[in-house]
Amino acid sequence: MEMLYKAILYSHLVGFAAVAGGLIFQLASKYRKIGPIILNGARWQVISGLILYIMLGDNANHIAAGLKIVGALIILTLAELNRKKDKIPPVTYYSMLAVVAVQVFLALYVSKN
């Protein structure tokens with residue numbers, strides 16, 4: 001069971017890297033858009049995050065997990081709403097970057113119980 005947990009955890013990190021990397025890659029661009037890497041990374045973040053939360057059960061930090069799931073849902077919602085647009089508004093882009101930064105803070109600095 002631990003091997004399965006670690007496999008899902010590492011794939012969760014790959015999903016995060018897809019979202020964060022896809023956004024950071026476009027930082028210097030004049031026009032930004034939601035590409036398939038960001039979109040699929042955001043989708044996998046939500047799915048794998050929920051799986052990890054269920055696997056942890058009572059050992060999970062419920063407040064931190066709840067905040068991370070809400071953040072992942074915000075990123076996914078913004079990505080889904082803007083996926084067909086040729087360019088996204090700067091406020092949407094920077095909002096997504098801000099939520100990614102909060103996700104990093106929650107993952108690294110909030111205690112795990």
Side-chain angles (χ1 to χ4, degrees):
M1 189 67 152
E2 187 170 337
M3 239 169 85
L4 177 62
Y5 176 81
K6 285 186 178 185
I8 295 172
L9 176 64
Y10 294 142
S11 71
H12 183 71
L13 294 174
V14 170
F16 176 79
V19 173
L23 290 172
I24 292 170
F25 180 75
Q26 297 182 53
L27 195 56
S29 298
K30 186 174 181 181
Y31 299 108
R32 299 170 183 107
K33 67 179 285 178
I34 302 298
I37 291 176
I38 296 172
L39 184 61
N40 289 322
R43 289 172 178 162
W44 184 243
Q45 281 293 105
V46 172
I47 293 167
S48 61
L50 288 172
I51 292 169
L52 289 169
Y53 178 72
I54 290 168
M55 290 179 81
L56 284 174
D58 290 336
N59 295 328
N61 182 336
H62 301 294
I63 294 171
L67 291 172
K68 287 192 275 187
I69 289 170
V70 167
L73 287 171
I74 290 170
I75 292 170
L76 178 60
T77 301
L78 290 172
E80 289 286 355
L81 290 174
N82 292 285
R83 68 187 170 130
K84 292 185 179 178
K85 294 181 180 177
D86 289 333
K87 62 180 183 175
I88 59 173
V91 68
T92 301
Y93 174 77
Y94 289 111
S95 297
M96 291 175 77
L97 270 180
V99 175
V100 165
V102 170
Q103 296 285 68
V104 169
F105 174 78
L106 288 172
L108 295 177
Y109 298 111
V110 176
S111 71
K112 308 255 192 266
N113 262 356

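Note that these values count all heavy atoms, side chains included, but never hydrogens, waters or copies made by symmetry.
- The 12-atom threshold is exceeded at CG of Leu4, counting heavy atoms of other residues, nucleotides or ligands nearer than 6.0 Å.
- Between Ile74 and Ser95, the closest side-chain pair of non-hydrogen atoms is not below 4.5 Å.
- Shortest non-hydrogen contact noted between Val19 and Gly41 is CG2-C, 3.5 Å.
- Note: the hydrophobic cluster containing Ile37 does not contain Ile24 (ILVMFWY, side chain heavy atoms under 4.5 Å, direct or indirect links).
- Separating the CG atom in Leu76 from the CD1 atom in Ile69 is a distance of 12.5 Å, to the nearest 0.5 Å.
- Cluster annotation: Val99 and Val91 are assigned to distinct hydrophobic clusters (Ile/Leu/Val/Met/Phe/Trp/Tyr, side-chain heavy-atom contacts under 4.5 Å, transitive).
- The two residues His62 and Gly57 come nearest to each other via the heavy atoms CE1-O, 3.6 Å.
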>> Go through it in stages, so that I can follow the logic: the residues are Gln45 and His12, the test is side chain to side chain contact (heavy atoms under 4.5 Å, CB included), and I'd like the CA-CA distance, side-chain angles, deciding distance and then a yes or no.
In response: CA-CA 6 Å; Gln45 281 293 105; His12 183 71; 3.6 Å; yes
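- Glu80 has its side chain within reach of Arg43: a pair of non-hydrogen atoms, C-beta onward, lies under 4.5 Å apart.
- Separating the CG atom in Asn61 from the OH atom in Tyr53 is a distance of 9.5 Å, to the nearest 0.5 Å.
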> Going through the checks in order, is the side chain to side chain contact (heavy atoms under 4.5 Å, CB included) test met by Phe16 and Val100?
Replying inline: CA-CA 9 Å; Phe16 176 79; Val100 165; 3.8 Å; yes
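- In summary, of the residues considered (Leu97, Ile88, Ile38), a side-chain contact (heavy atoms from CB on, under 4.5 Å) with Gln26 occurs for Ile38 alone.
- Counting heavy atoms from C-beta on, the side chains of Gln103 and Lys68 come closer than 4.5 Å.
- One hydrophobic cluster, built from ILVMFWY side chains closer than 4.5 Å, holds both Leu78 and Ile34.
- Looking at Tyr93, its side chain does come within 3.5 Å of a backbone N or O of Leu23 through a donor-acceptor pair.
- Under the 4.5 Å side-chain contact rule for hydrophobic residues, Val46 and Leu81 do not share a cluster.
- The side chain to side chain donor-acceptor pair (under 3.5 Å) check on Thr92 picks up nothing, with sequence neighbours excluded.
- Here the side chains of Met55 and Ile8 are in contact, with some heavy-atom distance below 4.5 Å.
- No continuous path of ILVMFWY side-chain contacts below 4.5 Å connects Leu52 to Leu108, so the two sit in separate hydrophobic clusters.
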